[in-house]
Amino acid sequence: MTNKADVIVVGGGVIGASVAYQLARRGRKVILTEKHDHASGASGSCDTGIFLQSKNAGINLRLALASSELFKGLREELDRDIEYHVKGGMILIETAAELKIMEDFVARQKRTGLQVEIIDRKEASRMQRGLAEHLVAATYSPQDGGVNPIELNLGFAKAARKLGAEILLETEVTGFIMNGGRVEGIETARGPIYAPVVVNAAGAWAPIIGEMAGLHLPIKPRRGQIMITEPVAPYIARGMLSASYIVAKFNADKLKESKSRAVQLGVGLSLSQTQKGNILIGATREFVGYDVRNTHEGIQAILKNAIRLVPGLGSIHIIRTMGGVRPYTPDGLPLVGYVNNLEGYFMSAGHEGDGIALSPVTGKIVADMIVDGKTFMDVSALDPNRFAL
């Protein structure tokens with residue numbers, strides 16, 4: 001283990017690994033530290049979907065569109081089969097009220113540049129068999145896709161290592177090395193590491209890393225529970241979400257006002273199928289701290305909701321469940337950039353459920369900003385200093 005680098009990246013999930021890879025590509029000496037292992041957090045407890053149409057119009061969607069372009073060449077670039085595919089995706093709409101909301105949502109997305117439209121139930125059923133009869137409509141985008149998140153995480157990490165990055169797994173950060181108003185490195189359980197720039201890419205654990213440097217980051221862990229079925233023949237033709245998933249994602253404060261327990265749990269349909277045939281059924285959005293355990297209540301609510309929307313799922317066996325925590329921020333946008341009044345401290349966390357989809361572009365943006373002091377698009381909306389840190 002060396003103890004000096006140009007940049008230290010804290011966090012070995014998909015965001016941290018992407019940042020390390022892009023910085024190594026730009027010729028920087030990088031040391032990445034991870035308390036456990038790659039994909040041990042949200043990157044290893046999520047579904048496969050890369051949904052562009054779940055992104056709010058504006059900077060979030062522009063990031064997703066840019067990231068989708070980078071995904072196209074990643075398999076060859078990383079020399080790893082990340083199981084990336086683009087088969088399109090749908091958001092299921094159940095009521096006239098949801099339809100009105102989604103009509104506005106889609107119109108704004110179109111203006112941002114997404115290929116998306118609202119289709120009637122008949123057309124939706126042609127694209128996906130087994131949909132419930134009560135559905136009113138659906139949105140459809142041919143640009144939605146999927147990836148194996150664990151392979152993606154490992155792909156970034158191994159490519160970074162080939163380019164000279166040093167990756168220290170099972171290495172817990174215990175503090176920061178400070179000199180006045182600047183960061184000069186980190187303390188770890190394996191000894192100190194020095195660098196003029198430290199990137200906090202610790203996802204839902206970013207606030208804990210922030211506190212070590214005296215920062216109060218507005219990132220909260222938000223649990224998602226998911227079920228995984230036995231392998232079956234191709235059934236989910238394209239990724240699916242429900243309009244209630246969109247509501248849960250962008251209206252966290254309103255969920256607790258509902259009298260419905262399922263709504264309070266943030267239950268919304270999320271369906272995808274892996275190359276091996278397993279169907280991933282989700283998900284909840286719960287504020288329960290760092291508790292990643294599955295609950296009977298949560299799993300029951302997810303299953304009930306999924307079968308109500310896609311009844312055929314009821315005949316497929318569930319073989320296991322998993323839970324993880326997403327890094328939620330109050331405005332739904334990640335914190336990306338240098339922290340004022342703490343020279344050398346760079347944030348790259350708070351992507352909530354968008355980490356997989358935005359990992360390629362996030363790595364590029366962070367590397368651009370650290371190496372060149374600027375990047376290819378306006379990311380001022382992601383400035384961490386928009387919050388009182």
Side-chain angles (χ1 to χ4, degrees), residues 5-23 28 30-36 38 40-43 153 156-157 160 165-169 171-179 181-189 192-221 290 325-330 333-352 354-355 358-359 362-371 375 379 382-389:
D6 297 322
V7 184
I8 298 167
V9 178
V10 179
V14 73
I15 295 295
S18 176
V19 168
Y21 165 65
Q22 290 290 351
L23 283 166
R28 293 302 186 265
V30 180
I31 296 178
L32 180 150
T33 66
E34 163 57 45
K35 183 178 179 179
H36 300 297
H38 297 301
S40 59
S43 302
N153 195 160
F156 280 133
E166 187 170 357
I167 295 178
L168 305 177
L169 302 178
T171 303
E172 182 178 2
V173 174
T174 57
F176 278 78
I177 302 168
M178 314 286 285
N179 184 1
R182 71 162 293 108
V183 172
E184 293 192 338
I186 60 173
E187 297 284 359
T188 79
I193 305 173
Y194 299 91
V197 177
V198 177
V199 180
N200 182 345
W205 290 265
I208 296 173
I209 301 300
E211 287 176 3
M212 295 177 185
L215 299 176
H216 302 287
L217 304 176
I219 295 173
K220 294 172 61 177
Y290 290 95
V325 285
R326 311 175 182 93
Y328 165 89
T329 65
L333 295 175
L335 281 64
V336 180
Y338 283 105
V339 172
N340 291 344
N341 303 317
L342 193 54
E343 189 178 349
Y345 197 106
F346 197 104
M347 282 301 308
S348 182
H351 296 73
E352 202 187 338
D354 298 334
L358 300 185
S359 59
T362 299
K364 175 173 172 48
I365 287 169
V366 173
D368 286 350
M369 293 177 73
I370 290 174
V371 176
T375 189
V379 293
L382 311 183
D383 186 347
N385 302 291
R386 69 187 187 272
F387 299 106
L389 306 180

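These values consider heavy atoms only, across backbone and side chains, with no hydrogens, waters or symmetry-generated copies.
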Sub-3.5 Å donor-acceptor pair from the side chain of [X] to the main-chain atoms of [Y], do we have one?
X      : Y      : value
Tyr290 : Ala204 : yes
Ser18  : Ser359 : yes
Asn385 : Tyr338 : yes
Asn179 : Gly181 : no
Gln22  : Gly363 : no
Thr329 : Ile219 : no
His38  : Asn153 : no
Ser43  : Val14  : yes
Ser40  : His36  : no

Item to check | Step-by-step side-chain contact (heavy atoms from CB on, under 4.5 Å) determination, Ile370 to Val199 | outcome: CA-CA 10 Å; Ile370 290 174; Val199 180; 3.7 Å; yes

Checklist entry - Who are the side chain to side chain contact (heavy atoms under 4.5 Å, CB included) partners of Ala42, not counting sequence neighbours? => result none

With the side chain counted from C-beta on, respond yes when [X] and [Y] share a heavy-atom pair under 4.5 Å apart, and no when they do not.
X      : Y      : value
Met369 : Phe346 : yes
Glu343 : Pro196 : no
Ile177 : Ile186 : no
Leu389 : Leu217 : yes
Tyr194 : Ile8   : no
Asp6   : Val197 : no
Arg386 : Leu335 : yes
Glu172 : Thr188 : no

What are the two closest non-hydrogen atoms of [X] and [Y], and how far apart are they?
X      : Y      : result
Leu342 : Met178 : CD1-CE, 3.2 Å
Pro327 : Gly203 : CB-C, 3.5 Å
Thr362 : Ser348 : CG2-OG, 3.4 Å

Checklist outcome for this item: d(Leu358 CG, Leu382 CG) to nearest 0.5 Å is 9.5 Å

Next on the checklist: Does the plane of the ring in Tyr21 sit parallel, tilted or perpendicular to the ring in Phe156? Use 30° and 60° as the thresholds.
Outcome noted: tilted

Item to check | Audit row: Ile15, His351, side-chain contact (heavy atoms from CB on, under 4.5 Å) steps and yes/no | outcome: CA-CA 9 Å; Ile15 295 295; His351 296 73; 3.8 Å; yes

Item to check | Asn340, CG atom: more than 12 neighbouring heavy atoms under 6.0 Å | outcome: yes

